[in-house]
There are 2 protein chains.
Amino acid sequence: MKNKHKQGQLRDVQDVIDIIGGRWRGAILASLCDREKRFNDLRRDVGEITPRILIKELKYLELNKLIGRNEEAPTKVSYYMTPHGKSLEPLIGAIVAWGRKHREVILSEPLEVTP
Amino acid sequence: MKNKHKQGQLRDVQDVIDIIGGRWRGAILASLCDREKRFNDLRRDVGEITPRILIKELKYLELNKLIGRNEEAPTKVSYYMTPHGKSLEPLIGAIVAWGRKHREVILSEPLEVTP
DNA sequence: CGGAATCCCCGACGATACTG
DNA sequence: CAGTATCGTCGGGGATTCCG
């Protein structure tokens, strides 16, 4: 049945959405994509994120094997992209491309304002 | 600066995420992808969604020109995919592909259970 | 049948302060 | 420096009910 197939696809989509969809995850991945970073570097890099949220997002991303954690010393921890994490880049590229096109479509026609 | 560029990309990603990321939007789009549907058809098709949420999601998708609304009579309204909406399909395909691969990666190694 | 109004709940997110 | 604990809030959904 095609419907069952579609259900499976939806699950996949939801998973991916969950990974890159949060307010911070995209930014974190983008930052780490550049190069490996330490906790507080990341904190500054990402913007105004609180440590609680940052550590939570990092754990999530680590669980999903998109990033790795490297604890050289208790006060020296680095996070880095895994190969799997890096494999996200082309996908992000495709999403960005469509998003750009989408913006054009939306802006190309006037919107009716609610009366 | 590369960072500014990345910020723009993040915006695009967030937009796309917003479109297909909700709990229902993906399912709605998938359902309409098949063929045009009436309100209550959609309601059954999508699962246990309440009318309030459905109408809200439909309006959002319509605003974003992904679907169209066709009111033949006050009691006969159909929704259908626009060409722009259909242009999402390849992107969804790419996302599904990555999601599938991701699932394999996640399942391929044992997870440590929290103590 | 298609849609709108009301009420409510819960879970994600945030600020702040503290510890190893 | 890296991470945790506690508390507060805020808003997206959901159930239910009613309207044209």
Side-chain angles (χ1 to χ4, degrees), chain A residues 10-11 13-29 31-32 35-64 66-81 112-115, chain B residues 10 13-32 35-64 67-81 112 114-115:
Chain A
L10 272 180
R11 231 169 92 239
V13 171
Q14 294 305 331
D15 281 1
V16 179
I17 291 311
D18 200 42
I19 288 170
I20 56 179
R23 178 169 169 194
W24 302 111
R25 285 171 201 167
I28 292 170
L29 290 173
S31 173
L32 287 180
R35 55 181 160 74
E36 104 172 32
K37 300 264 172 70
R38 309 230 339 236
F39 187 82
N40 282 310
D41 296 335
L42 217 39
R43 208 172 147 184
R44 282 177 226 104
D45 217 38
V46 165
E48 291 312 318
I49 188 174
T50 61
R52 173 167 134 75
I53 303 300
L54 180 55
I55 195 67
K56 181 185 146 204
E57 302 297 347
L58 287 173
K59 277 179 181 167
Y60 175 87
L61 293 173
E62 197 193 350
L63 250 179
N64 280 272
L66 299 170
I67 69 176
R69 202 186 100 115
N70 186 10
E71 179 169 345
E72 302 173 42
T75 68
K76 189 167 181 182
V77 180
S78 297
Y79 294 89
Y80 57 91
M81 293 294 275
E112 340 171 1
V113 273
T114 52
Chain B
L10 272 180
V13 171
Q14 294 305 331
D15 282 1
V16 179
I17 291 311
D18 200 42
I19 287 170
I20 57 180
R23 180 168 167 195
W24 302 112
R25 285 171 200 166
I28 293 170
L29 290 173
S31 173
L32 287 179
R35 55 180 160 76
E36 102 172 34
K37 299 264 173 68
R38 307 229 340 235
F39 187 82
N40 282 310
D41 296 335
L42 217 39
R43 207 172 147 183
R44 281 177 228 105
D45 218 37
V46 165
E48 290 312 317
I49 188 174
T50 60
R52 172 168 133 75
I53 303 300
L54 180 54
I55 196 67
K56 182 184 147 205
E57 302 297 348
L58 288 172
K59 276 180 181 168
Y60 176 87
L61 293 174
E62 198 194 349
L63 252 180
N64 281 272
I67 68 175
R69 201 186 101 114
N70 185 10
E71 180 168 345
E72 303 173 40
T75 67
K76 189 169 183 183
V77 179
S78 297
Y79 295 88
Y80 58 90
M81 294 293 275
E112 336 169 4
T114 54

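So you know, we letter chains A, B, ... as the sequences are listed, proteins then strands, and number each from 1. These numbers were taken from a predicted model, which means no experiment stands behind them.
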Taking [atom1] from [X] and [atom2] from [N], how many angstroms apart are they, rounded to a whole number?
{"X": "A:Ile55", "N": "C:dA17", "atom1": "CD1", "atom2": "P", "value": "21 Å"}
{"X": "B:Lys56", "N": "D:dG12", "atom1": "NZ", "atom2": "P", "value": "6 Å"}
{"X": "B:Asn40", "N": "C:dG2", "atom1": "CG", "atom2": "C1'", "value": "7 Å"}
{"X": "A:Ile17", "N": "C:dA12", "atom1": "CD1", "atom2": "P", "value": "17 Å"}
{"X": "B:Leu54", "N": "D:dG14", "atom1": "CG", "atom2": "P", "value": "11 Å"}
{"X": "A:Arg23", "N": "D:dG12", "atom1": "CZ", "atom2": "P", "value": "13 Å"}
{"X": "A:Phe39", "N": "C:dG20", "atom1": "CZ", "atom2": "P", "value": "17 Å"}
{"X": "A:Lys76", "N": "C:dG20", "atom1": "NZ", "atom2": "C1'", "value": "19 Å"}

- [ ] Answer whether the closest heavy-atom distance between the side chains of A:Phe39 and A:Val77 falls below 4.5 Å.
- [x]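 No. Closest side-chain heavy atoms not under 4.5 Å.
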- [ ] Give the intermediate values and the outcome of side-chain contact (heavy atoms from CB on, under 4.5 Å) for residues A:Leu29 and A:Ile67.
- [x] CA-CA 8 Å; A:Leu29 290 173; A:Ile67 69 176; 4.0 Å; yes
TODO: Look at B:Lys59 and C:dA4 and indicate whether a side-chain polar atom (N or O) is within less than 4.0 Å of OP1 or OP2.
DONE: yes
Open item on the list: Just N and O in the side chain of A:Trp24: are any of them under 4.0 Å from OP1 or OP2 of C:dA12?
Closed with: no
Open item on the list: Can you tell me how far apart CD1 (A:Ile20) and CD (B:Gln14) are? Round to the nearest 0.5 Å.
Closed with: 8.5 Å
Open item on the list: Surrounding CD of A:Glu48 (heavy atoms of other residues, nucleotides or ligands, distance under 6.0 Å), is the total greater than 12?
Closed with: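 Atom CD in A:Glu48 is not packed in, count stays at 12 or less.
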- [ ] Only one of A:Asp18, A:Ile19, A:Asp15 passes side-chain contact (heavy atoms from CB on, under 4.5 Å) with A:Asn64; say which it is.
- [x] A:Ile19
Open item on the list: Of the options D:dG14, D:dT4, C:dG14, whose atoms approach the side-chain atoms of B:Ile53 most closely?
Closed with: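 That would be D:dG14.
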TODO: Just jot down the side-chain hydrogen bond (donor to acceptor under 3.5 Å, both in side chains) partners of B:Asn70, sequence neighbours excluded, or say none.
DONE: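 Residues passing side-chain hydrogen bond (donor to acceptor under 3.5 Å, both in side chains) with B:Asn70: none at all.
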Between the protein and nucleotides 15-20 of chain D, are there any N/O to N/O pairs under 3.5 Å, and if so, what are the atom names and distances?
residue, atom, partner, partner atom, Å
D:dA15, N6, B:Arg52, NE, 3.4

Task: Passing candidate, side chain to side chain donor-acceptor pair (under 3.5 Å) with A:Asp41, options A:Arg38, A:Lys37, A:Arg44 - done: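 Testing each of A:Arg38, A:Lys37, A:Arg44 against A:Asp41, the sole residue satisfying side chain to side chain donor-acceptor pair (under 3.5 Å) is A:Arg44.
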